A.B. asks: 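Would you mind keeping the following structure in view while I ask a few things?
Bear in mind the structure is a predicted one, so any value in this text is a computation, not a measurement. Every heavy atom of this structure was used, including side-chain atoms; hydrogens, water molecules and symmetry mates were not.
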Amino acid sequence: MKTFLIFWATPIVLLGGWYGLSYNDISFGYFMLTRQAHDMVFQIYGSILGIPPETIPPLVARAIVFDSLFVFAIIALRKRRAIAGWWRARQGASVSEAPILDSAESLSRAP
């Protein structure tokens, strides 16, 4: 499971890091982190896909959200017994923490 999460998170972190640095032109002296390279990469992808380059980042963001939900669903499926036990324990704790009043008469004496 750890390997699965590493293979899922690594590309997202690398792509997000590159996108954030190149979009804001924080290059640290590397051409791939410049805004010029950022625009060129999206221009190439846009011409390959036949869509405007400015529509690619929202599409990638939606794909990342969908993939993340899918990964978390797989994790929840694998851990469903532990999650169900935690939920039952949480529901039991919230019921036992409710205050027990002596009688309805005690409510009428509130200041």
Side-chain angles (χ1 to χ4, degrees):
M1 187 56 78
K2 288 180 185 178
T3 307
F4 177 67
L5 289 174
I6 289 170
F7 281 126
W8 164 74
T10 302
I12 292 173
V13 169
L14 290 175
L15 179 66
W18 172 79
Y19 183 82
L21 290 173
S22 65
Y23 184 80
N24 294 309
D25 202 15
I26 304 171
S27 65
F28 300 112
Y30 295 107
F31 174 72
M32 266 320 281
L33 297 177
T34 62
R35 181 62 189 219
Q36 181 184 4
H38 174 91
D39 293 338
M40 186 171 39
V41 165
F42 284 107
Q43 186 67 37
I44 291 169
Y45 281 145
S47 64
I48 288 172
L49 297 172
I51 59 175
E54 51 279 346
T55 61
I56 296 173
L59 293 174
V60 172
R62 276 195 276 168
I64 289 172
V65 168
F66 177 78
D67 290 347
S68 299
L69 290 174
F70 190 73
V71 165
F72 292 137
I74 290 172
I75 292 170
L77 184 66
R78 290 182 53 96
K79 304 276 185 181
R80 66 185 176 270
R81 288 191 183 120
I83 293 170
W86 170 81
W87 183 256
R88 276 189 237 108
R90 181 175 163 87
Q91 293 300 315
S94 66
V95 170
S96 66
E97 292 174 6
I100 300 173
L101 301 174
D102 290 336
S103 68
E105 183 182 340
S106 66
L107 294 176
S108 65
R109 295 185 193 162

A.B. asks: Mind checking whether Ile12 and Asp67 have side chains closer than 4.5 Å, heavy atoms only?
C.D. replies: no
A.B. asks: Give a yes or no on whether Ile44 and Leu49 share a hydrophobic cluster (residues Ile, Leu, Val, Met, Phe, Trp, Tyr; joining criterion: side-chain heavy atoms under 4.5 Å apart).
C.D. replies: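 Looking at the clustering, Leu49 is in a separate group from Ile44.
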A.B. asks: Find out whether Glu54 and Phe42 are in side-chain contact, i.e. whether some heavy atom of one side chain is under 4.5 Å from a heavy atom of the other.
C.D. replies: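 Heavy-atom side-chain distance check fails, nothing below 4.5 Å.
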A.B. asks: Please answer: with hydrophobic residues joined when any side-chain heavy atoms are less than 4.5 Å apart, are Val41 and Val13 in the same cluster?
C.D. replies: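 Val41 does not cluster with Val13.
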A.B. asks: Drop me the distance from Ile48's CD1 to Gln43's CD, to the nearest 0.5 angstrom.
C.D. replies: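 Interatomic distance, Ile48 CD1 to Gln43 CD, rounded to 0.5 Å: 11.0 Å.
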A.B. asks: Roughly how far apart are Lys2 NZ and Ile6 CD1, rounded to 0.5 Å?
C.D. replies: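 These two atoms lie 8.5 Å from each other.
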A.B. asks: Calculate, to the nearest 0.5 Å, the distance between atoms CD1 and CZ belonging to Ile83 and Arg90 respectively.
C.D. replies: 13.5 Å
A.B. asks: Is the backbone N or O of Ile75 less than 3.5 Å from a side-chain atom of Arg78, with the two atoms forming a donor-acceptor pair by type?
C.D. replies: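 Not confirmed, Arg78 side chain does not pair with Ile75 backbone.
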A.B. asks: Give a yes or no on whether the backbone of Tyr23 and the side-chain of Arg35 come within a donor-acceptor separation of less than 3.5 Å.
C.D. replies: yes
A.B. asks: When you look at CZ of Phe7, are more than 12 heavy atoms from neighbouring residues, nucleotides or ligands closer to it than 6.0 Å?
C.D. replies: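 Atom CZ in Phe7 is not crowded, with 12 or fewer foreign heavy atoms closer than 6.0 Å.
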A.B. asks: Please tell me whether Trp8 and Phe72 form a close aromatic pair, meaning their ring centres lie under 6.0 Å apart.
C.D. replies: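 That pair passes the under 6.0 Å test.
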A.B. asks: Mind checking whether Ile64 and Leu69 sit in one hydrophobic cluster, side chains of I, L, V, M, F, W, Y counted as touching below 4.5 Å?
C.D. replies: no
A.B. asks: Side-chain contact test, heavy atoms from C-beta onward, threshold under 4.5 Å: evaluate it for Leu14 versus Trp18 and give yes or no.
C.D. replies: no
A.B. asks: Among all residues two or more places apart in sequence or in another chain, which pass the side-chain hydrogen bond (donor to acceptor under 3.5 Å, both in side chains) test with Thr34?
C.D. replies: none
A.B. asks: Working to the nearest 0.5 angstrom, can you tell me the gap between Ser22 OG and Met40 CE?
C.D. replies: 11.0 Å
A.B. asks: Under a 4.5 Å cut-off applied to non-hydrogen side-chain atoms, are Tyr30 and Leu21 in contact?
C.D. replies: no
A.B. asks: Check for me, please, whether Phe31 and Ile26 land in the same ILVMFWY cluster - side-chain distances under 4.5 Å, paths through other members count.
C.D. replies: no
